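Bear in mind that the values here come from a model prediction, so they are computed numbers and not experimental data. Both ligands and their constituent atoms are indexed starting at 1 by order of listing.
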Amino acid sequence: MSVVRLELEGRLAVVTIDNPPVNALSQAVRAGIVRAVDEAEDAGADAIVLCCAGRTFVAGADIREFGKPPKPPWLPEVIARIEACRRPVVAAIHGTTLGGGLELALGCHYRIAVPTARVGFPEVNLGLIPGSGGTQRLPRLVGAERALDMMISGKPVGAVEAARVGVIDRLAESGDLLDEAMGFAREQASGGERPRLIRDLSVDPVDPGFFSDYRKRIARRTRGLMSPERIVRCVEAALQVPIDEALRQEREHFFECMASPQSSALRHLFFAERQAVKPPPGVSPAAGGPEITHIAVIGAGTMGAGIAYSCLGVGFRVTVLDYDEAGLARGRKTIEGLYEGGVARGKVSPAKAEDGLGRLTTSQDYGAVANADLVIEAVFESMAVKEQVFARLDRVCRADTILATNTSTLDVDRIAQATGRPEKVIGTHFFSPAHIMRLVEIVRGDATGDAVIISALALAKRLRKVGVVVGNCFGFVGNRMLYGYGRESQLLLLEGAAPEQIDGALQEWGMAMGPHAVGDLAGLDVGYSVRRERTDLPDDPRFYRMADVLVEAGRLGRKTGKGMYRYESGSRAPIPDPEVESWIAREADALGVERRAIDAQEIVERCIYGLIVEGARILEEGIASRSGDIDVVWVNGYGFPRHRGGPMHYADTIGVDKIYARVCEFRDRFGPMYWEVPNLLEDLGRSGGKFADFKPGA
Ligand code: COA
């Protein structure tokens, strides 16, 4: 069946795009639109309605075609054909009209939308700019500033707001979009005059310093990205040069962005994030668990409260249990505080807050969780404590209740063995703060049943988080790799790099924060107690030496005003501390580590390649089912720069052969204890392969 069809309704032509799932503008759709418009004109139609079947008007260009040689007709040609049409063309909009879809709609003479529709330019999230006239037509409708805000945030706006500012000409309120669009088209046709073109409008002038101020305003949040600056240049051009010249410049910037490693990384993540949340190979999507309506959270600490708040926010009934009365009261206060903050910032309505808190109960009695459909344990990170909690849950909970642990490192199989239902036990590792961070590692134990995995994926989706299924091992994917990264950042201290130098180099490279600032923020005691629980630490006195020294001296990080840095009261800014510097020198001396000048390149390579090496092992062992899953974990849980695509995509971009060669150098220079080359890295490095193409177990 054709993806674009033309029907004549009396003297009106209705062109329908039908390209599931989101009516992306594939080559067939582009060609189909041109053909349909030609035929409608040939048939002497008075006006044309352009609409879409299915769940949405066009949601954008077909991202799968990006990075391949473009096939004609290109979108600008399609839009030019619509603009050249002698009779009015009306876009009838529902769903999410994004990117090329909105450009197509702006190429039409008029736009009518249902009030629930959303429109926007999310190209920036793919490292791109609107490349088919969007940067020129939008400012002509809404002015330079609002157009920039829409394109640089990438956030869609609702149709009611879009109608208010002039992007949409009319709202279709009757519930029958096509009928109203046809009425609108007939009205426009009845005048008989040539239809209006957005390209013929001019952009309202701006103040002289507007663009330099705007650049300053966005500098921080667009750090390291290339497309925001290109968007600003295009809007500048919209005010300065004739539209055809500005369109030519826009196209040039678009292709430059498209060819960049940034865009390739962001497009990789677009698909990796959609792939990661699907059931892993071998798990049937049909395996369904019990319907979840009531969730119990064990432990009312920061993590438990954050998880409970997330669950309340999407409609679950939640019982928080803690053995300690004061702890329980604190947990309730934390949840109430989160609601108050949400209301104050306008993110949550007072009615929603009241409704959410109405679904919360707190208890010290295990009987209160007996009927929960799912229990998420978030108690102290100690195997002995968790085993006790799970044994107790197993005794009191319904036989079909799923028991999940929020452990960030511990062995899920051992926790499962504390119960008589290991097939119902799974890890759901949330990240802190749990109500903000999008990632949940879903840890599959040896015995975890398929239905339980599917339920955990569904839970993550309902919480609007990215749930990635991973295997069971120390630290799973994220924290296990963190050891490679953290270990190097600690060794570099002893070898001569200052904390602020290490953090600066990695932040400059793109990490959201440097590892030492992160350590202070999280609390150095957290990693310290995890290391005390580990039985497989390397026999190396240098391993996390400085972190241990600081904790033992009571410098736990920001919360004590001193950690790897010092903090002034009321400020969160890390300040380098000469005392720490002298302690590092003293420890290096005691351990016989020779100190030297270390440059930013070595810092970045040792930390990031440390990550990649562990990632290669994780992939080889099948702990992650795809290299893209590892990327999704690191980008969403650890501040790895999205525009580098995640550690494994970054390795593929640099070339696995080059990474392999450098890791061999590190092994020869620093010894095999930390730089032993994983087989997969060696195989791919020698054969010129990529992590993206490796399928564990294949
Ligand atoms: N090109 C190709 N495929 C696309 C696509 C596009 N522009 N937009 C979505 N898809 C695919 C997804 O990969 C997914 O495929 P899958 O089912 O094989 O995994 C499917 O369509 C559904 O998308 P999904 O995101 O899971 O559905 P949703 O209902 O949550 O969201 C959208 C729908 C349109 C809001 C969302 O897909 C989106 O934001 N798409 C990108 C829009 C965009 O950036 N457009 C500008 C391109 S220049």
Provide the number and element of each atom of ligand 1 under 4.0 Å from a heavy atom of [X].
X	result
Ala59	34 (C), 42 (C), 43 (C), 45 (N)
Pro21	20 (C), 21 (O)
Lys278	16 (P), 17 (O), 18 (O), 19 (O)
Phe270	8 (N), 9 (C), 13 (O), 40 (N), 41 (C)
Asp62	1 (N), 2 (C)

TODO: Look at atom 27 (O) of ligand 1 and say whether a protein heavy atom is found at less than 4.0 angstrom from it.
DONE: yes

- [ ] Nearest heavy atom to atom 3 (N) of ligand 1 wins, so pick from Arg64, Arg274, Glu273.
- [x] Arg64

Check: [X]/[Y] side-chain N/O donor and acceptor closer than 3.5 Å:
X	Y	result
Glu236	Gln240	no
Glu273	Asn636	yes
Arg30	Ser26	no
Thr293	Asp373	yes
His268	Asp631	yes
His643	Gln262	no

Using a strict 4.0 Å threshold on nitrogen-to-oxygen distance, state whether [X] and [Y] make a salt bridge.
X	Y	answer
Arg233	Glu252	no
Lys155	Asp149	no
Asp38	Arg81	yes
Arg146	Glu161	yes

Counting only nitrogen or oxygen atoms and a 3.5 angstrom limit, does [X] reach ligand 1?
X	value
Arg55	yes
Glu123	no
Leu98	no
Gly100	no

What part of [X] sits under 4.0 Å from ligand 1 if we count only heavy atoms: the side chain, the backbone, both or neither?
X	value
Ile63	both
Leu128	neither
Thr96	side chain

Task: Point-to-point distance, once rounded to the nearest 0.5 Å, from CE of Met258 to CD1 of Ile129 - done: 10.5 Å

Task: Pairwise distance CD1(Ile152) to CD1(Ile231) - rounded to 0.5 angstrom - done: 5.0 Å

Just need the protein heavy atom nearest to [atom], so name the residue and atom and give the distance.
atom	answer
atom 44 (O) of ligand 1	Pro122 CG, 3.5 Å
atom 7 (N) of ligand 1	Ala61 O, 2.8 Å
atom 10 (N) of ligand 1	Val22 CG2, 3.9 Å

Task: Within-shell test, Gln275 vs ligand 1, heavy atom, strictly < 4.0 Å - done: no

Open item on the list: I'd like to know whether ligand 1 has Phe121 as a neighbour, heavy-atom separation below 4.0 Å.
Closed with: no

